[in-house]
Amino acid sequence: MSSITLRKPIGFVGKFNRVLKNNKSTPKVLATLAGGIVAGTAIYVYSNNNNTPNKNNHLGKILASNAGAVAVLNKEKNFKDYQQVYNAIAEKVRDQDDADDGAGRYGLLTRLAWHSSGTYDKNTNTGGSYNGSMIYSPESTDGENAGLEVARDFLVEFHYLFPWLSRGDLWTLGGVVAVQECGGPKIPWRPGRKDLEDRKKVPENGNLPDASRDADYVRKVFTRLGFDERETVALIGAHCLGKCHTDRSGYDGPWGPSFNMFTNDFYVRLLQNWHVRKWDGKKQYEDDETSSFMMLPTDYALKEDSKFLKYVKMYAEDQDLFFKDFSKAFSALLEKGIEYPKDVKPFEFKTLDEQED
Ligand code: HEM
């Protein structure tokens, strides 16, 4: 069991993140991608998406809905190539530690990875990160995605530096970099997403969550994504990072003072006392103690619902457990709707710090 003890005042942020290692897990043996047979399988399935689907078998289901969302593996590239991309993104993130009033780019890139994946619907097996479809309307103009053009612009140079990488891979890898570089857990990640080829696969708006709603709504959204209550609470703990912007979502402020460090602070704070903020804006909560921090109605709903509350308390008590659960759930989120041949093992990237040691 551990909990965060170090607190940094707002404004005095960034540079110390890299020496504050909350993640104590020893780096595991680096995984490698399975080669030719796997890639061959992927391409075979991908190229067969004109077949009449047979809904009674697994493959039939894939072809009927998220047809073609099968990982296409690049046989020319290996772990080292992807670690190189990771490093390039991480160095730019490090250079912009002071951006957004000290929040850096950690929250922004985590949110891009989440929103590019969070359109997934398990009932229709549509949406998700595979197609990198957020540059197209209506997804690009979804109000819930307001501000994410900043994140996509931040990453755009890497399309030129690494033209073999798809948008879906780049955006999800950006989220992995963000979480790991600010002290979060390792996020196992696999490549193989393919840029949109079928315009009809741009998801309709309405699948990304509306922050003004209650616990039942949150449960419904995350059930549609294929997550249970525990995973839902673990994922929303990413609100330890970054902040809300009045010119993006209409909400205002960070959830806590250590908003550029990945910690279990979100849960610790949620259990403290809050009141509805009096202001000329959307309904949000403000902490009794300092009136400096915020909670969205959907965050607060986790405290009001006994089934969610159980996990809020659990993660507030035990940061290691939160890290473990978040890692698993976030990794799964980034792969929703993507079919991987069974033997494709995920990569576990080293942080910049680990490589400097
Ligand atoms: C009920 C579910 C959720 C709702 C309603 C919600 C809503 C929001 C809203 C309104 C913002 C403010 C955006 C802005 O003004 O810039 C935000 C920010 C953020 N969200 Fe969520 N969110 C949810 C779940 C998640 C999940 C599952 C993750 C990641 C796993 C996540 C990660 C973040 C991060 C890191 C930020 C900060 C962005 C920044 O600093 O620019 N959120 N969220």
Side-chain angles (χ1 to χ4, degrees), residues 103 106-108 110-122 127 142-148 175 179 203 205-256 259 262-279 281-288 292-316 322 325-326 329-330 332-333 336:
Y106 307 101
L108 184 71
T110 304
R111 185 165 168 251
L112 175 64
W114 141 236
H115 275 212
S116 63
S117 314
T119 52
Y120 181 65
D121 185 335
K122 76 168 184 191
D142 186 337
E144 301 300 345
N145 282 333
L148 288 180
V179 170
N205 294 343
N207 276 358
L208 295 170
D210 168 356
S212 69
R213 306 289 295 273
D214 62 8
D216 284 343
Y217 169 86
V218 173
R219 187 172 285 112
K220 220 164 127 195
V221 168
F222 282 83
T223 303
R224 191 212 69 225
L225 279 162
F227 291 112
D228 63 20
E229 280 156 347
R230 179 170 174 156
E231 291 164 326
T232 302
V233 175
L235 284 168
I236 296 175
H239 282 168
C240 60
L241 293 179
K243 52 174 146 153
C244 297
H245 306 77
T246 44
D247 58 343
R248 296 180 188 171
S249 61
Y251 295 99
D252 179 37
W255 287 265
F259 53 39
F262 201 90
T263 68
N264 65 342
D265 196 41
F266 170 80
Y267 308 105
V268 175
R269 285 185 180 274
L270 185 55
L271 292 175
Q272 293 168 1
N273 295 322
W274 297 81
H275 57 268
V276 175
R277 176 172 167 182
K278 290 196 183 68
W279 74 315
K282 290 184 173 178
K283 179 182 171 185
Q284 64 177 62
Y285 293 84
E286 179 174 79
D287 68 307
D288 284 2
S292 310
F293 306 117
M294 66 94 61
M295 287 286 163
L296 297 165
T298 43
D299 298 321
Y300 200 75
L302 302 179
K303 188 175 168 171
E304 292 174 320
D305 181 283
S306 63
K307 289 185 185 140
F308 284 140
L309 179 61
K310 179 176 148 195
Y311 299 113
V312 171
K313 286 182 178 162
M314 197 169 85
Y315 295 139
F322 165 51
D325 285 2
F326 181 84
F330 193 55
L333 172 69
K336 286 288 175 188

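For the numbers below, each heavy atom of this structure counts, side chains included, while hydrogens, waters and symmetry mates do not.
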When you check the side-chain N and O atoms of Tyr311 and Asp325, is any donor under 3.5 Å from an acceptor?
-> no
If you round to the nearest 0.5 Å, how far is [atom2] of [Y] from [atom1] of [X]?
{"X": "Tyr120", "Y": "Leu208", "atom1": "OH", "atom2": "CG", "value": "15.0 Å"}
{"X": "Thr223", "Y": "Asp216", "atom1": "OG1", "atom2": "CG", "value": "10.0 Å"}
{"X": "Ser116", "Y": "Lys336", "atom1": "OG", "atom2": "NZ", "value": "14.0 Å"}
{"X": "Asp287", "Y": "Gln272", "atom1": "CG", "atom2": "CD", "value": "7.5 Å"}
{"X": "Trp279", "Y": "Thr246", "atom1": "CH2", "atom2": "OG1", "value": "6.5 Å"}
{"X": "Tyr267", "Y": "Trp255", "atom1": "OH", "atom2": "CH2", "value": "12.5 Å"}

Validation row, ring centre Phe326 to ring centre Phe262 under 6.0 Å | yes
Sub-4.5 Å side-chain heavy-atom contact between Phe293 and Asp265 = no
Is any side-chain heavy atom of Asn207 less than 4.5 Å from a side-chain heavy atom of Leu225?
-> no
Taking only residues at least two apart or on different chains, which pairs with a member in residues 305-315 satisfy salt bridge (charged side-chain N to carboxylate O under 4.0 Å, His left out)?
-> Arg219-Asp305
Pairwise salt bridge (charged side-chain N to carboxylate O under 4.0 Å, His left out) hits with a residue in residues 244-253, at least two apart = Asp252-Arg277
Taking all non-hydrogen atoms of both residues into account, name the closest pair between [X] and [Y] and its distance.
{"X": "Leu241", "Y": "Gly107", "value": "CB-CA, 4.0 Å"}
{"X": "Pro297", "Y": "Tyr251", "value": "CD-CE2, 4.1 Å"}
{"X": "His115", "Y": "Asn145", "value": "ND1-OD1, 2.8 Å"}
{"X": "Trp274", "Y": "Glu286", "value": "CE3-C, 3.2 Å"}
{"X": "Leu296", "Y": "Cys244", "value": "CD2-SG, 4.1 Å"}
{"X": "Ala215", "Y": "Ala301", "value": "N-CB, 3.5 Å"}

Taking it one step at a time, do Leu270 and Tyr315 satisfy side-chain contact (heavy atoms from CB on, under 4.5 Å)?
-> CA-CA 11 Å; Leu270 185 55; Tyr315 295 139; over 6 Å; no
Residue pair Ser117, Phe330: steps toward the side-chain contact (heavy atoms from CB on, under 4.5 Å) verdict | CA-CA 10 Å; Ser117 314; Phe330 193 55; over 6 Å; no
Which atom pairs, one a donor and one an acceptor, fall under 3.5 Å between side chains of residues 231-240 and the rest of the protein, sequence neighbours left out?
unit_1	atom_1	unit_2	atom_2	d
Glu231	OE1	Asp228	N	2.8
Thr232	OG1	Asp228	O	2.7
His239	ND1	Asp299	OD1	2.9

Does Lys303 reach the main-chain N or O of Val312 with its side chain, forming a donor-acceptor pair under 3.5 Å?
-> no
Test side-chain contact (heavy atoms from CB on, under 4.5 Å) applied to Val221 and Asp210, step by step = CA-CA 10 Å; Val221 168; Asp210 168 356; over 6 Å; no
Please lay out, stage by stage, how Phe222 and Glu229 fare under the test side-chain contact (heavy atoms from CB on, under 4.5 Å).
-> CA-CA 8 Å; Phe222 282 83; Glu229 280 156 347; over 6 Å; no
